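All ligand and atom numbering here is 1-based and tracks the order in the structure. Please read all numbers here as calculations on a predicted model, not as lab measurements.
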Amino acid sequence: MNRLGLVISGHGRHVLVESDSGERIICHPRGKKNLALVGDRVEWLASNDEGTIEKILPRKNEFYRQDEMRTKSFAANIDQLLILIAAEPEFSEVQLSKALIAAHAAQINALIVLNKSDLVAPFQAAWGRLEPYRVMNYDVRALSIKEDPETFKSLLTSLGGKITLLLGPSGVGKSTFINTAIPHTNLWTQEISQALNSGKHTTTSTTLYWVDSDKHTALIDSPGFQSFGIHQIDPHHLGHYMPDIKAHLSGCKFYNCTHLHEPQCAVQTAVHDGLITSSRYRIYQQLFEELSQPKNY
Ligand SMILES: Nc1nc2c(ncn2[C@@H]2O[C@H](COP(=O)(O)OP(=O)(O)OP(=O)(O)O)[C@@H](O)[C@H]2O)c(=O)[nH]1
Ligand SMILES: [Mg+2]
Ligand SMILES: [Zn+2]
């Protein structure tokens with residue numbers, strides 16, 4: 001008989017499912033592809049010690065990146081995205097913008113958190129580069145997971161009752177965030193990943209961790225990425241997912257304005273007037289170009 005469960009982690013073709021009674025079972029896909037994602041509610045069927053995924057229940061959302069060659073899904077049914085960046089390594093504004101655009105397109109609320117505020121000089125530089133994002137009304141926070149437990153605690157409290165996907169480049173502190181929020185629980189994961197990665201802490205699979213025993217609050221750890229593809233976005237819709245650009249779209253003369261070279265373009269006027277920063281406009285131009293390339297697949 002099929003039982004209900006929640007996908008807790010993904011490991012290539014198989015996934016770890018937490019059953020409705022709290023036990024954890026390795027499950028294999030029924031079909032050829034493993035389509036179940038962390039955060040998926042599934043129907044599964046026990047066979048010996050393991051199980052098979054019989055059905056994936058309808059998703060409220062799915063967060064993924066679409067690189068040139070493939071789609072990489074992070075998780076399903078998340079309540080929000082926490083984009084973690086750090087004073088070091090220096091963050092890429094392009095990658096940050098892409099993650100925010102993907103979140104908008106998936107209609108998932110995103111929060112930007114800058115970690116390692118204890119590294120004073122690089123932190124100040126990084127915080128300054130986030131100014132346009134504060135002006136756009138993104139929720140931008142600063143913290144030091146290691147040196148400022150009070151700020152960390154209040155951020156964690158604000159995540160209560162939600163399933164939050166931690167996303168960001170390698171080395172920013174996603175796993176440290178989760179280890180600090182939930183001491184002891186995932187030490188074994190680190191040991192396994194250290195053994196597999198010859199001593200490195202780098203996370204290699206996506207895993208959901210419950211913060212509270214009532215299982216109302218969860219954090220999802222994900223592997224850091226180098227680049228974040230958004231090939232799912234039509235370049236002509238790009239401006240709608242960039243709040244600073246979007247604010248001016250209705251003022252353009254041509255309904256199909258690309259905001260690159262048309263006359264009487266309100267976006268270009270706003271760049272000229274300093275209402276859109278030149279770095280954000282450059283990102284718009286770069287992404288428009290990238291998304292307009294003929295696809296290689
Ligand atoms: N100075 C400082 N270092 C920190 C802080 N938080 C985490 N780190 C360090 O940053 C390094 C990377 O942390 P991880 O938690 O492994 O980073 P990650 O984002 O999980 O990286 P990947 O798994 O590779 O994606 C570790 O050496 C941490 O000790 C902080 O607040 N300040
Ligand atoms: Mg990690
Ligand atoms: Zn325009």
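Taking 4.5 Å as the limit, every side-chain heavy atom of N2 sits out of range of all side-chain heavy atoms of K55.
Using a cutoff of 4.0 Å between basic side-chain nitrogens and carboxylate oxygens, K60 and D79 are scored as salt-bridged. The residues K72 and D67 are annotated as not salt-bridged, no charged nitrogen and carboxylate oxygen being separated by less than 4.0 angstrom. Here E131 pairs with R134 in a salt bridge; the nearest charged N to carboxylate O distance falls below 4.0 Å.
With ligand atoms numbered from 1 in the order given, ligand 1 contributes 17 (O), 19 (O) to contacts under 4.0 Å with heavy atoms of V172. Near T176, with a cut-off below 4.0 Å to any heavy atom, the atoms of ligand 1 are 6 (N), 7 (C), 13 (O), 14 (P), 15 (O), 28 (C). Below 4.0 Å from some heavy atom of G224 lie the following atoms of ligand 1, by number and element: 25 (O). Residue contact check: D118 has heavy atoms under 4.0 Å from atoms 1 (N), 2 (C), 30 (C), 31 (O), 32 (N) of ligand 1.
Distances from the Zn ion (ligand 3) to the N/O/S atoms of H259 are shortest for ND1.
The closest side-chain donor-acceptor pair between D221 and T207, if any, does not fall under 3.5 angstrom. Side-chain contact, S21 with R3: a donor N or O sits under 3.5 Å from an acceptor N or O. Side-chain atoms of Y133 and S97 include a donor-acceptor pair closer than 3.5 Å. Side chain to side chain, E289 and Q293 meet the donor-acceptor criterion of an N or O pair below 3.5 Å.
Distance check for T176 against the Mg ion (ligand 2): none of its N/O/S atoms falls below 2.8 Å. Not one N, O or S atom of S170 sits under 2.8 Å from the Mg ion (ligand 2).
A perpendicular orientation is assigned to the rings of H240 and H237, their planes being inclined by more than 60° (bins at 30° and 60°).
The Mg ion (ligand 2) lies at the vertex of an angle of 80° between the OG1 atom of T203 and the OG atom of S175 (rounded to 10°). Rounding to 10 degrees, one finds that the Zn ion (ligand 3) sits at the corner of an angle of 120° between C257 SG and C252 SG.
The N/O atoms of S222, backbone and side chain alike, include none that comes under 3.5 Å of an N/O atom in ligand 1. The shortest N or O to N or O distance between D221 and ligand 1 is not below 3.5 Å. The shortest N or O to N or O distance between I145 and ligand 1 is under 3.5 Å.
Residue-environment remark: CG (D49) stays at or below the threshold of 12 foreign heavy atoms within 6.0 Å.
Counting heavy atoms only, K116 comes closest to atom 10 (O) of ligand 1 of the residues E88, K116, E147.
With a heavy-atom cut-off of 4.0 Å, N179 does not touch ligand 1 at all.
Residue contacts with ligand 1 include G171, since one of its heavy atoms falls under 4.0 Å from the ligand.
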